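One structure below.
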There are 2 protein chains.
Amino acid sequence: MKREKAMNLPPLVQTFVLHFGEMGSRWGVNRTVGQIYALLFVSPEPLNADEIVEALGVSRSNVSMGLKELQAWNLVRLRHKPGDRREYFGTPEDIWVIVRTLIEERKKREIDPTLSLLRETLMERPESEFERHAQARMREMHDLIDMLTDWYADMRAIETERLVQLMKLGSKISRVLEFRDRLGFSGKRNDPPSPDDEERSR
Amino acid sequence: MKREKAMNLPPLVQTFVLHFGEMGSRWGVNRTVGQIYALLFVSPEPLNADEIVEALGVSRSNVSMGLKELQAWNLVRLRHKPGDRREYFGTPEDIWVIVRTLIEERKKREIDPTLSLLRETLMERPESEFERHAQARMREMHDLIDMLTDWYADMRAIETERLVQLMKLGSKISRVLEFRDRLGFSGKRNDPPSPDDEERSR
DNA sequence: CCGGAGTTTCAGTTATTTCTGAAATATCGG
DNA sequence: CCGATATTTCAGAAATAACTGAAACTCCGG
C-alpha cells in the first residue's frame with residue numbers, strides 16, 4: 001500500500017519543505033523547485049529523482065525539470081553511487097557556498113541585464129527635454145548599481161571566515177573611517193602607493 | 001486622434017519602461033507595476049493615474065492596482081497639486097532611499113518569514129534520525145540568516161554618505177582585521193568587553 | 001445633501017506558468 | 001547491437017496570475 005500523490009515525510013521536514021514551496025514564487029522559482037531544494041538541503045544523503053518523486057508526490061517529469069533548473073542555478077551537486085546508474089542529488093555541505101551561489105545567480109538574473117541596458121541607453125543621444133531628464137536619472141541608477149557591483153565583487157573575493165569577522169564587527173566597522181579622517185590618511189598603508197586609493201577612480 | 005492601447009513615449013524612455021516591465025517578474029512584481037515604476041522614476045515630475053494610463057496604454061484599473069502595490073512597497077511618494085483633486089505619484093528623489101526601501105521590503109517578504117519558520121521549527125523535538133539531521137541543517141541556516149540580518153540592521157543604521165565611503169574601500173576594509181589580529185585586540189574598543197569576539201556565540 | 005470628478009473594487013476574461021503522462025532519447029551491461 | 005533502466009522532452013491539461021470594463025464607492029464644492 002504505497003500512497004501516491006501525497007507527501008510522505010516526517011512532520012518537521014514536511015513543514016520546512018512546504019514553506020520553501022510557498023516561498024519559491026517570491027524567490028523566482030516555482031513551488032516544486034523550492035520543495036526539491038528544501039528536501040535536498042535537509043536530507044542526510046543525496047537523493048535520486050525517484051526518491052524525490054516519492055517524497056514530494058509530484059510527477060517524475062516535474063522533478064526532472066526542477067532538477068534541471070536547480071542545476072542551472074548551480075545549486076545542486078551531482079553524485080554517483082557505485083553499482084547504481086542513477087544520479088543522486090545533494091546540496092553543498094557548506095551553507096556559505098549556497099548563499100554565495102544564490103547571490104551570484106540572482107545578481108546575474110536580476111541586476112546584470114539592467115546594468116547592460118542602462119549602459120546602452122546612456123550611449124544614446126536624448127532628443128527631448130524629457131529624454132534628457134530620463135537619461136540623467138538613468139545615469140544615477142547606473143552609477144549606483146555600478147558601485148554596488150564593484151563592492152560585491154570585492155566582497156566575493158574575501159574568504160568566508162574573514163567575511164564573517166567583518167560582519168560581526170557590524171557598524172563598528174565605520175570607525176575605520178574616523179581613523180582615516182582623524183589621522184589624515186591619504187589611503188596608503190602597506191601596499192605600494194596607488195593613485196586611486198582615496199577615491200575609487202572608476 | 002489619440003492613440004489608445006499603445007505606449008506613447010520617447011524611444012529612450014520606452015526602452016527603459018519595457019525593460020522594467022520584463023524584469024518585473026524576476027523582481028516579484030508584475031509587468032505593469034514594473035512599467036509604472038520605471039515611468040515614475042524617469043519622469044521629471046509626478047504623474048497622475050490618467051497620465052500613466054495614457055503613457056503605458058493599459059487600463060485605468062490596472063494602473064490603480066499597480067499604484068496600490070507600489071504603495072505597499074513604500075516605493076512611491078504621493079503628491080497633490082493646488083486646485084487639482086487628483087493624486088500625483090512620484091519616486092523619492094534620492095535614489096539611495098529607493099535602494100534602501102527595496103532591500104528592506106524584499107527582506108520583509110523573502111527572508112523574515114523563513115527566519116520565523118526556522119525559529120519555530122527549531123523549538124520542536126525531533127522524532128527520528130532524519131528529523132534530527134534536518135533540524136541540525138535548519139539550525140545552520142537559521143544561524144546564518146540571523147547573522148546576516150544582524151549585520152543588515154547595523155548597515156541600515158549607517159548614513160548613506162558613510163556607507164558609500166565604506167563600500168568604496170572594498171576589500172581593503174578587511175585590513176582592519178589584520179590590525180586587530182596583529183595588535184592583539186581582544187575586541188574591546190569603547191564597548192564593554194565581550195567574550196564572543198573571536199568566534200560567534202550568539 | 002446633490003452632482004460629478006476621481007478612485008477603488010471585483011467578477012469575469014485572457015494570458016502565463018506550472019504540471020503531467022506519454023513518447024522519445026540516452027546510457028550501460030552484456 | 002540488444003534489452004533494460006534511467007532520464008528528458010513536449011504537447012496538452014490544470015492551476016495561477018494578470019488585466020479589463022463596469023459598477024460601487026469616496027470625497028469635495030456648492
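The sequence lines fix the lettering, A, B, ..., with proteins before strands; numbering per chain opens at 1. As the structure is a prediction and not an experimental result, all values here were calculated from the model.
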Mind calculating the distance between CE (B:M65) and C1' (D:dA17) to the nearest angstrom?
-> 11 Å

Test B:E45 against every option in B:R79, B:R77, B:K81 by the salt bridge (charged side-chain N to carboxylate O under 4.0 Å, His left out) rule and name the one that passes.
-> B:K81

Between A:S64 and D:dT8, is there a side-chain N or O to OP1/OP2 distance below 4.0 Å?
-> yes

Does B:N30 have a side-chain nitrogen or oxygen under 4.0 Å from the phosphate oxygens OP1 or OP2 of D:dC19?
-> yes

Does B:S61 put a side-chain nitrogen or oxygen below 4.0 Å from OP1 or OP2 of D:dC19?
-> no

May I have the distance from A:E87 (atom CD) to C:dA26 (atom P), rounded to whole angstrom?
-> 15 Å

5'-most contact on DNA chain C: B:Q71 or A:V33, nearest heavy atom basis?
-> B:Q71

When you check the phosphate oxygens OP1 and OP2 of C:dT9, does a side-chain N or O of B:K68 lie under 4.0 Å from one of them?
-> yes

How do B:V29 and A:Y88 order along DNA chain D: which one's closest nucleotide is nearer the 5' end?
-> A:Y88

Where each residue is assigned the nucleotide of DNA chain D containing its nearest heavy atom, which of A:D84 and A:R31 is assigned the position nearer the 5′ end?
-> A:D84

Write down the distance between CG (B:L56) and C1' (D:dA18), rounded to a whole number of angstrom.
-> 15 Å

Protein-nucleotide distance (A:K81, atom NZ; D:dT5, atom P), rounded to Å | 20 Å

Are any of the side-chain heavy atoms of B:V76 and B:Y37 separated by less than 4.5 Å?
-> yes

Between atom CD1 in A:I36 and atom C1' in C:dT18, what is the gap in whole Å?
-> 13 Å

Between B:E51 (CD) and C:dA5 (P), how many Å, whole number?
-> 18 Å

Polar pair under 3.5 Å, donor/acceptor by atom type, side chain A:R85, base D:dA6 = no

Let me know the distance between CD of A:Q35 and P of C:dT18, rounded to the nearest Å.
-> 13 Å

From the options A:V99, A:N74, A:V97, A:T101, select the one residue that forms a side-chain contact (heavy atoms from CB on, under 4.5 Å) with A:P92.
-> A:V97

Value in whole Å for how far the C1' atom of D:dA18 lies from CH2 of B:W27 = 21 Å

Phosphate oxygens OP1/OP2 of D:dA18: is one of them under 4.0 Å from a side-chain N or O of B:T32?
-> no

With respect to the phosphate group of C:dT20, does any side-chain polar atom (N or O) of A:N62 fall under 4.0 Å of OP1 or OP2?
-> yes

Would one find more than 12 heavy atoms of other residues, nucleotides or ligands at under 6.0 Å from atom CD of A:E110?
-> yes

Is the number of heavy atoms from other residues, nucleotides or ligands within 6.0 Å of CZ (B:R31) greater than 12?
-> no

When all nucleic acid strands are considered with a 4.0 Å heavy-atom cut-off, which category describes B:R60: base, sugar-phosphate, or nothing?
-> base

May I ask you to evaluate whether B:R86 reaches the phosphate of C:dG6, defined as a side-chain N or O under 4.0 Å from OP1 or OP2?
-> yes

